[in-house]
Amino acid sequence: MKALIVSMDMLPGTERLMPWRTVVEVAKYLSAQPDIDGVEIYSGETPDTVEPERTYDGVRIVAGGKDAASIAAYARSTSVGALFYPFAFRDIFKPLDDFSSLEIKKVAYIPGGIYPMAGVRALAAQGLYSAARPYLIENAVPRGIMLEKLAGAGFSHIISFSPYTAAIVVKYGWPAARSVCALPGLDGFGSLEPDYSAVERLGLQDSKFVLFSGAPAEVRGSGLLLKAYPHFLKANSDARLVMLMRTDRSSSFARFNEALERLPDKSRLTVDFERLTPAQLKGFFMKARAVVLPFIIIPSEIPLTYFEVMACGTPVVTFHNGGTTHYLSEAILTVPSRTPKSLAGEMARVCNDDHLHRHLCDCALKLSSNHPDWAQSAQIWKTTLQ
């Protein structure tokens, strides 16, 4: 059997990010199985904007149209025996009829999750209406309609990336026996030898600091964190905020730089734009008092950064976000509301309270020790084909 995994907008440079990382890891695993004749990733993207085909980490990636007709036509032309197709509940407006005539194994998967309305409102409150719109629609549409469309098109199973999302699928009418949870897997980050050279370059080796690491996208909460920083200064007397800013293909620093420029007191703020190796990043995770991941909304659950931080035994401060929070709840410090003052309060609490800090460290290590690796996660995908 040959398998085709569809993944929307897997542009060059995004392969290591979620949800595309999951797709790559699953494709690699399935390719190594003796009863699988080959695996390709189909990136829903017009071929004239990217290379029509390329290879990443040994996996062939082809580009084509995002619509069901284009995907189904490619599946027929390459004689695949299994298709993995991504969807969101707001996709009820997309026609899926062309999949009905494909007499192959069809499995749907949810690369996103369940998005809380608190996150939608927080984005809108910052004037980020275009960012909030798809998540508002996701909450507004009747979820059962999309599940009915998938069943009508012959999809047998739905794979979710958290137990919470898998349960929601069942709640809205999908058979429980065919709603599957495959958590994103752990990789070798936990076994890396940490490199503290970048920590030393910034003069932080003897500092207590809370760390942010990621892109400046507003959904990741970098702007909200800058607004929280003045409150953090008042609530804590000795800790710093360190922000390691990553540049992604779609990164725009305009709003972030404007907010940074407006801060009146940067005495305990370090912002760095240097590219780090994984070992250097681990050095920061190991040294940090806590890592703050203030996702206003998590587009694709569960971000791998959570697992990387927890593998270091470092607490995470974050907002409530659907399946991510439900799975990690015992090992993270969840901020009550998406406001700068509330965020600053929890950042200060983990800095000031040694008992709380030790408890979160222990819980993070316990969760990491029991979490599946990528092979175990990908094996769950394979079971849906049998």
Side-chain angles (χ1 to χ4, degrees), residues 116 118-119 121-128 199 202-246 253-273 284-297 305-306 309 312 314-321 325 328-329 331-361 363-364:
R121 288 192 293 267
L123 287 173
Q126 296 183 58
L128 301 167
V199 175
L202 296 177
L204 297 169
Q205 60 269 32
D206 298 318
S207 297
K208 179 194 287 188
F209 61 88
V210 176
L211 179 72
F212 171 90
S213 173
E218 289 295 335
V219 294
R220 297 183 69 96
S222 62
L224 187 59
L225 181 55
L226 286 178
K227 293 177 182 177
Y229 167 73
H231 300 285
F232 178 64
L233 289 183
K234 296 176 183 177
N236 178 271
S237 61
D238 62 347
R240 299 182 63 83
L241 172 61
V242 177
M243 301 185 72
L244 306 177
M245 304 308 298
R246 186 185 74 211
F253 281 88
R255 288 177 66 99
F256 177 83
N257 288 336
E258 289 174 9
L260 182 62
E261 190 65 28
R262 288 195 298 267
L263 286 179
D265 181 1
K266 302 182 182 68
S267 60
R268 283 195 272 145
L269 175 64
T270 300
V271 181
D272 190 63
F273 297 90
F284 276 100
F285 289 166
M286 296 292 292
K287 284 290 293 180
R289 176 75 172 186
V291 173
V292 57
L293 300 175
F295 284 90
I296 298 175
I297 276 180
T305 305
Y306 284 88
V309 174
C312 298
T314 301
V316 170
V317 180
T318 190
F319 295 123
H320 188 282
N321 270 294
T325 306
L328 304 175
S329 59
I332 58 179
L333 187 58
T334 305
V335 182
S337 64
R338 287 166 168 78
T339 64
K341 192 170 184 179
S342 185
L343 176 58
E346 297 307 293
M347 290 164 57
R349 190 155 76 98
V350 77
C351 286
N352 299 335
D353 188 334
D354 290 338
H355 176 75
L356 172 65
H357 181 264
R358 284 194 300 272
H359 173 73
L360 291 171
C361 290
C363 289

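In this text the structure is predicted, and so the values were computed from the model without any measurement.
- The two residues Met245 and Phe253 come nearest to each other via the heavy atoms CB-CE2, 3.7 Å.
- Take Asp206 and apply the side-chain hydrogen bond (donor to acceptor under 3.5 Å, both in side chains) test, not counting sequence neighbours, and it matches no residue.
- Between the side chain of Thr325 and the main chain of Asn321, a donor-acceptor pair closer than 3.5 Å is present.
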Leu360/Val350 under side chain to side chain contact (heavy atoms under 4.5 Å, CB included): CA gap, chis, key distance, verdict: CA-CA 9 Å; Leu360 291 171; Val350 77; 4.0 Å; yes
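- Evaluated for a side chain to side chain contact (heavy atoms under 4.5 Å, CB included) with Val242, the options Leu211, Val292, Val291 yield exactly one hit, Leu211.
- Remark: Thr305 OG1 to Phe285 CZ distance equals 6.0 Å, nearest 0.5 Å.
- Within the 4.5 Å cutoff, side-chain heavy atoms of Cys351 are placed close to those of Val210.
- Atom CZ of Arg268 is separated from atom CZ of Phe209 by 14.5 Å, given to the nearest 0.5 angstrom.
- Classified by interplanar angle (parallel below 30°, tilted 30° to 60°, perpendicular above 60°), the ring pair Phe295/Tyr306 is parallel.
- When all heavy atoms of Leu293 and Ser213 are compared, the pair lying nearest together is CD2-O, 4.5 Å.
- Side-chain contact check for Asn236 versus Met347: every heavy-atom pair is 4.5 Å or farther apart.
- The two residues Arg246 and Pro216 have their closest heavy-atom pair at O-CD, 3.5 Å.
- Side-chain contact between Leu241 and Leu225: present, with at least one pair of heavy atoms (C-beta onward) separated by less than 4.5 Å.
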Stepwise side chain to side chain contact (heavy atoms under 4.5 Å, CB included) test for Tyr229 and Met243: CA-CA 11 Å; Tyr229 167 73; Met243 301 185 72; over 6 Å; no
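- Annotation for Ser222 and Ala217: closest pair OG-O, 4.1 Å, computed over non-hydrogen atoms.
- Looking only at side-chain heavy atoms (C-beta outward), Pro230 and Leu263 come within less than 4.5 Å of each other.
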Worked check of side chain to side chain contact (heavy atoms under 4.5 Å, CB included) between Leu204 and Phe284: CA-CA 9 Å; Leu204 297 169; Phe284 276 100; 4.0 Å; yes
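- In terms of heavy-atom proximity, Thr314 sits nearest to Ala290 at CG2-CA, 3.9 Å.
- Atom NE2 of His359 is surrounded by 12 or fewer heavy atoms from other residues, nucleotides or ligands within 6.0 Å.
- Separating the CG atom in Leu202 from the OG atom in Ser207 is a distance of 10.0 Å, to the nearest 0.5 Å.
- Across all their heavy atoms, Arg220 and Gly214 have their closest contact at NH2-CA, 3.8 Å.
- Here Thr339 pairs with Ser337 under the side-chain hydrogen bond (donor to acceptor under 3.5 Å, both in side chains) rule; sequence neighbours left out.
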CA sep, side-chain torsions, deciding dist, call: Leu328, Val316, side chain to side chain contact (heavy atoms under 4.5 Å, CB included): CA-CA 10 Å; Leu328 304 175; Val316 170; over 6 Å; no
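- The distance from the CG atom of Leu343 to the CZ atom of Phe232 is 9.5 Å, given to the nearest 0.5 Å.
- The ring pair (Phe, Tyr, Trp, His ring centres under 6.0 Å) test applied to His320 returns His326, not counting sequence neighbours.
- Counting only residues at least two apart or in different chains, salt bridge (Lys or Arg N to Asp or Glu O under 4.0 Å) contacts with residues 224-243 comprise Lys208-Asp238.
- Taken to the nearest 0.5 Å, the CD atom of Glu218 stands 4.5 Å off from the CZ atom of Arg255.
- Applying the side-chain hydrogen bond (donor to acceptor under 3.5 Å, both in side chains) criterion to Asp272, with sequence neighbours excluded, gives Arg201.
- Legend: salt bridge (Lys or Arg N to Asp or Glu O under 4.0 Å) pairs involving residues 347-360, not counting sequence neighbours, sorted by first then second residue: Arg289-Asp354, Glu346-Arg349.
- Atom CG of Leu269 sits about 7.0 Å away from atom CG of Leu226, to the nearest 0.5 Å.
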